[in-house]
Amino acid sequence: MSDHLRIFIGRYTAGDSSPQPAPGITVADFDPDSLTVTPITGVQLPEASFLGLSPAGDVLYAVREEDSGGVAAFRIDGASGELTPLGERSTDGSYPCHLTVDASGRHLLTANYMSGNVAVHPIETSGRLGELSDLVQHEGSGPQKDRQEGPHAHMAAPAPFGDAYLVADLGTDTVYAYSLDDATGRLSLLAENRMRPGSGPRHLVFHPFGEYFYLANELSNTVSVCSYDAANGSAYELIELGCVPGSKAGESFPSGIQLSPNARFVYVANRGDESISAFEVGDNGARLIPIGQWPCGGSWPRHITLSPDGRFLFSANQRSHNVAVFRVDTSNGELTPTDTSFPVRQAAHVLFAKTGQPTG
């Protein structure tokens, strides 16, 4: 019998007028044998659209994607899954949509989408967040005036080696590279890497060798293979591929992007086309080869997540209010839909607990 896998599910809460609204964050157990998802607890938090974990996996962090943006911290009881609030902090920006904890567990970086800046908070030994240590403002715009009237920081991703972070900005068509000073919690600009005008870079994922990353472009409906130089933070687009065959920009909008644990396959969620595309990684990371496309099991897949062993993919389908589960063939990257569809109103993000944590 397989061990259960603990998952955390964040969702949007706006417009939920039910007398007993579901938690903003749900804690559940997934049984890989029976393919069942069983909710065990949860907490109320508005607009908890993105989640992250401390390196030890004992503290959960969540954004509050609101005009006056915030981030919240929760102590996780490994046995029961109960979440104990550790407080909240303002991000000094609007509509934070992504966060990441640095490898040392001493800093939290948050991307404020609407205000186009990146916030850094120190993390205390208890897991609580300290006062803001830095706020970096992006400047500029892009050619699509309805979506690129100003900067829109969408993600802060750590490079595999060193202290660098790459921030994808949809509004300025730029991937900014910063170094993080561990002592002060301040960011220093390394490079401004301009991508194709109007492409709208959203999320990225690194190849483990650190020489390449894969970039989901929301506005151009594409995925790019980019080279990366860790010495100076510079990045260059090598090739740009369509995410949906026969679909044009403005017809489908890529969202989440994931690399399989064996680093052989890349998956991209496509909102509008309501699908998940898969690519094989070639040439030691320098190439992506399309291998297939599958319906996402719902509507408007905001984010996709792979299980730690790579055998399952979860799709958080925002508009159909469900999390769909797929089997993954780790030898060829193909997806197989299951009958598992867990109801979550305005599902936004699924996060697996750190492996090795007890689930009771």
Side-chain angles (χ1 to χ4, degrees), residues 1-12 22-45 48-62 74-83 205 255-262 265 267 269 276 278 294-318 320-331 333-360:
M1 176 180 288
S2 300
D3 291 332
H4 289 191
L5 299 173
R6 181 146 296 161
I7 58 175
F8 307 95
I9 305 171
R11 74 179 190 97
Y12 288 105
I25 302 173
T26 295
V27 184
D29 282 344
F30 171 63
D31 185 337
D33 292 329
S34 64
L35 298 179
T36 54
V37 177
T38 305
I40 55 176
T41 188
V43 294
Q44 294 294 348
L45 187 73
S49 65
F50 201 88
L51 312 173
L53 288 169
S54 63
D58 57 349
V59 180
L60 178 73
Y61 298 95
F74 301 88
R75 173 70 58 184
I76 304 168
D77 185 298
S80 69
E82 291 290 336
L83 300 177
V205 61
S255 55
I257 183 168
Q258 295 288 315
L259 177 70
S260 62
N262 62 13
F265 307 103
Y267 298 91
I276 300 168
W294 296 265
C296 69
S299 175
W300 214 250
R302 181 169 178 84
H303 198 271
I304 52 175
T305 306
L306 288 160
S307 61
D309 60 8
R311 296 191 301 124
F312 297 94
L313 183 146
F314 285 52
S315 179
N317 298 317
Q318 182 180 348
S320 54
H321 312 298
N322 72 306
V323 175
V325 180
F326 298 79
R327 291 187 185 273
V328 181
D329 188 323
T330 58
S331 66
E334 294 186 357
L335 302 180
T336 300
T338 71
D339 292 330
T340 301
S341 177
F342 181 64
V344 179
R345 183 173 176 80
Q346 297 188 96
H349 190 210
V350 178
L351 178 68
F352 280 86
K354 298 283 187 180
T355 55
Q357 279 193 299
T359 58

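Numbers here simply count residues along the sequence, with the first being 1.
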message = With salt bridge (charged side-chain N to carboxylate O under 4.0 Å, His left out) as the rule and sequence neighbours excluded, what pairs involving residues 294-308 come up?
response = E65-R302
key: Heavy-atom closest pair, residues A278 and G333   = CB-O, 4.2 Å
request  = Tell me, please, which residues at least two apart from N262 pass side-chain contact (heavy atoms from CB on, under 4.5 Å).
outcome  = S260, R264, F265, T330
query = If you take all heavy atoms of D31 and D33, which pair is closest and at what distance?
reply = OD1-N, 2.8 Å
ask   = Where the side chain of H349 meets the backbone of L51, is there a donor-acceptor pair that is under 3.5 Å apart?
value = yes
ask   = For the residue pair P39 and A28, what are the closest heavy atoms and their distance?
value = CA-CB, 3.8 Å
remark   = When rounded to the nearest 0.5 Å, the distance separating CG of L313 from CD1 of I276 is 5.0 Å
task = Give, for atom NE2 of H4 and atom OG1 of T38, the distance between the pair rounded to the nearest 0.5 Å.
result = 7.0 Å
inquiry  = Taking atom CZ as the centre, does R75 end up with more than 12 heavy-atom neighbours from other residues, nucleotides or ligands that are less than 6.0 angstrom away?
reply    = yes
query = Side-chain contact, heavy-atom cut-off 4.5 Å: L35 with R327?
reply = yes
request  = Please answer whether the main-chain N or O of P23 pairs with a side-chain N or O of R11 as donor and acceptor at a distance below 3.5 Å.
outcome  = yes
Heavy-atom check, side chain of L53 versus side chain of L60, under 4.5 Å = yes
message = Within this structure, what is the CZ-OG1 distance for the pair F8 and T26, rounded to the nearest 0.5 Å?
response = 11.5 Å
ask   = Which heavy atom of V350 sits nearest a heavy atom of A316, and at what distance?
value = CG2-CB, 4.3 Å
ask   = Could you walk me through whether D77 and T41 pass the side chain to side chain contact (heavy atoms under 4.5 Å, CB included) check?
value = CA-CA 11 Å; D77 185 298; T41 188; over 6 Å; no
request  = Taking all non-hydrogen atoms of both residues into account, name the closest pair between G24 and A48 and its distance.
outcome  = O-CB, 3.8 Å
message = I'd like to know if the side chain of N317 reaches the main chain of C296, judged simply by a donor and an acceptor atom lying under 3.5 Å from each other, with no hydrogens or angles considered.
response = yes
request  = Quick one: do V323 and V37 satisfy side chain to side chain contact (heavy atoms under 4.5 Å, CB included)? Show the steps, please.
outcome  = CA-CA 10 Å; V323 175; V37 177; over 6 Å; no
inquiry  = Could you measure the distance from the CZ atom of F312 to the OG1 atom of T305? Nearest 0.5 Å is fine.
reply    = 14.5 Å
query = Should F352 and F314 be marked as a ring-ring contact (aromatic ring centres under 6.0 Å, His included) after you check the CA-CA gap, both sets of side-chain angles, and the distance that decides it?
reply = CA-CA 10 Å; F352 280 86; F314 285 52; 5.2 Å; yes
query = Atom OG of S315 and atom CG of N322: how far apart are they, to the nearest 0.5 Å?
reply = 7.5 Å
message = So Q258 and V205, do their side chains get closer than 4.5 Å, heavy atoms only?
response = no
request  = Would you check if W300 and S255 make a side-chain contact, meaning some heavy-atom pair closer than 4.5 Å?
outcome  = no
query = Distance-only, no hydrogens or angles: does the Y267 side chain make a donor-acceptor pair with backbone N or O of G256 under 3.5 Å?
reply = no
message = Distance check, rounded to the nearest 0.5 Å: W294 atom CH2 versus L335 atom CG?
response = 4.5 Å
ask   = Side chain of S54, backbone of V59: donor and acceptor closer than 3.5 Å?
value = yes
key: For P337 against F326, the heavy-atom pair lying closest together   = CA-CD2, 3.6 Å
message = Run I25 and I9 through side chain to side chain contact (heavy atoms under 4.5 Å, CB included) and show every step you take.
response = CA-CA 5 Å; I25 302 173; I9 305 171; over 6 Å; no
inquiry  = side chain to side chain contact (heavy atoms under 4.5 Å, CB included) for L5 and D29? Distances and angles first, verdict last.
reply    = CA-CA 6 Å; L5 299 173; D29 282 344; over 6 Å; no
